[in-house]
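What follows is a set of notes on a single structure, which appears directly below.
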Number of protein chains: 2
Amino acid sequence: MQAHNPFPIKNINTHLTEIKDYFKIAVSVDCVIFGFDGNVLKVLLIKSDLAQYKNKWSLLGDIVRPDEELDAAAYRVLRERTGLENVYMEQVHTFGALNRHPAGRVITVAYYSLVNIHHVQLKVSDFGLHWHAVKDLKQMAFDHKLILDTCVKRLQDRIIEHPVGFNLLPKKFSLRELQNLYEAILGVKFDRRNFRKKFLSLGLIEDLNEVENDVKHRPAKLYRFNEKALLKNTRFVHVNGNG
Amino acid sequence: MQAHNPFPIKNINTHLTEIKDYFKIAVSVDCVIFGFDGNVLKVLLIKSDLAQYKNKWSLLGDIVRPDEELDAAAYRVLRERTGLENVYMEQVHTFGALNRHPAGRVITVAYYSLVNIHHVQLKVSDFGLHWHAVKDLKQMAFDHKLILDTCVKRLQDRIIEHPVGFNLLPKKFSLRELQNLYEAILGVKFDRRNFRKKFLSLGLIEDLNEVENDVKHRPAKLYRFNEKALLKNTRFVHVNGNG
DNA sequence: ACAAAAGTGTTAGATTTACACCCATGA
DNA sequence: TCATGGGTGTAAATCTAACACTTTTGT
């Protein structure tokens, strides 16, 4: 799945000193790559090898090339790190604090993307690359905690109004998995009956007439996302206060 | 209100040739400055004097200086053009298409801001500066129509969930003005009784026990925004389809 | 008295919320 | 037969949507 790439993979956040003298302002992209393991929301991070941020975790990012579109740069980072293409991605915010990068003025455009965590094969050479539970992350390199928090907030806003969560799930999933996903992202608990009723009534999911295998209890029915579903102008779920 | 500014006011979009040789990628900000005249949503634009965009209208923007925060650059543009400070402003999206600027690679961070249109005193030297009805704009210079459309969409999303519209109104306003504002931004009509009931029940506005002057009909009561109102997790208005 | 816009209440329908028991499977 | 999680329905409360007449002011 890894496309051939004539440029060596460098992380803007670990190999940046060379740009200092060439650009007054450098532009980078940083990708918040979300995955879901069935229970908690995870994010793909790399260990910073900048001395200053020794042992801190960093988002995946890179300099935007002068002849490269912004979105293309973000997709390139994603492809180089995960081998994935055609995944859901959204630009979120641009961070440009003067002191955000020790190597000089770097303005970074932050994206988040939603991938199926099981489709990502981490390569041996990427031994610094790991999935982290979002809610366990306290500190990160650079301003990456701020970027992550901003992207989590955006994902929360988005998933309440728009059915993007399916990108984090396997093609076939149970209602329990779907509910776990919403609860993990939004940090709330839903009533099981109401949650199911809501999704089924929206016509967003389609019963596959299949059931789970290899579970030690009554197997759940499997569904898939119905791409043809018309989006009514309604919220998917309602979140009340106790987030 | 105009702060002293040691730099001459230049519009990134009209005086950019000098940067071409210095930066591989230049970063700019563009401001979508919204105002409301009581009936329609307006945006403050300047006439492009770039030959290529002769007679096209352009957003207000400028290069971000190497030692300047992004938000500071946007506030600077706003201050230089309107004399206003401390206005509502939100970063929306960053546009970086390769060919978006004829002078070279310029990535621009778009902001929108909400100002009281009557507080903006256009200076004589700004004869190219005008308020335009948003819905009448068909073409603009550069990719500015795309940027405007993106900011309008963001404003629509925001005003449905968050009481930002007050920034476009005078301190004292009638419920009719408030409703006109929502209708102008969202492009829908609301039932007057339901709209009033909704806002009054939210506790967002405070009755001033004053009425309009100089109207040739029954004067409306005046209200002000209640800053202390607790935001319930509810939509302010509901928009159904016919937008 | 007329014109123009302000102000006001009720009801039906839809949506949300709260809540508890039986079912299917593997061990 | 037990443990585990899957699957289901109903009723109360809240919210939304539809709808028309009276009041106040200036002319």
* **Residues forming a side-chain hydrogen bond (donor to acceptor under 3.5 Å, both in side chains) with B/Glu69, sequence neighbours excluded** => none
* Report the distance from atom CZ of A/Arg196 to atom P of D/dG9, rounded to the nearest whole Å. => 12 Å
* A/Glu210: side-chain hydrogen bond (donor to acceptor under 3.5 Å, both in side chains) partners, not counting sequence neighbours -> A/Lys172
* Structure fact -> Rounded to whole Å, the CZ-P distance (A/Phe195 to C/dA18) equals 16 Å
* Using the benzene-type ring in the case of Trp, are the ring centres of B/Tyr182 and B/Phe199 under 6.0 Å apart? -> yes
* Is a donor-acceptor contact shorter than 3.5 angstrom present between the side chain of A/Lys197 and the base of C/dT16? -> no
* Rounded to whole angstrom units, what separation is found between the CD atom of A/Glu212 and the C1' atom of C/dT25? -> 11 Å
* Touch class at under 4.0 angstrom, heavy-atom based, for B/Arg192 against every strand present -> base
* **Interface with DNA chain C, restricted to residues 217-225 of chain A and to heavy atoms under 4.0 Å** => A/His217, A/Arg218, A/Pro219
* **Protein-nucleotide distance (A/Leu202, atom CG; C/dA14, atom C1'), rounded to Å** => 14 Å
* To do: Measure the distance from CZ on B/Arg193 to C1' on D/dC15 and round it to the nearest whole Å.
  => 17 Å
* Asked: Aromatic rings A/Phe166 and A/Phe225: how do their planes relate, parallel, tilted or perpendicular, breaks at 30° and 60°?
  -> parallel
* For B/Ile160, side-chain contact (heavy atoms from CB on, under 4.5 Å) partners two or more places apart -> B/Leu186, B/Arg235, B/Val237, B/Val239
* Please list all pairs passing the salt bridge (charged side-chain N to carboxylate O under 4.0 Å, His left out) test where one or both residues lie in residues 138-149 of chain A, with sequence neighbours left out. => A/Arg100-A/Asp143, A/Lys145-A/Asp149
* To do: Using whole Å, report how far CG of B/Asp214 lies from P of D/dT27.
  => 10 Å
* Pairing residues for A/His132 by the side-chain hydrogen bond (donor to acceptor under 3.5 Å, both in side chains) criterion, not counting sequence neighbours -> none
* For B/Asn194 and D/dA20, give me the distance from atom CG to atom P, rounded to whole Å. => 13 Å
* To do: Specify the separation, in whole Å, of atom CD of B/Gln179 and atom C1' of C/dA5.
  => 12 Å
* How do A/Lys216 and B/Val211 order along DNA chain C: which one's closest nucleotide is nearer the 5' end? -> B/Val211
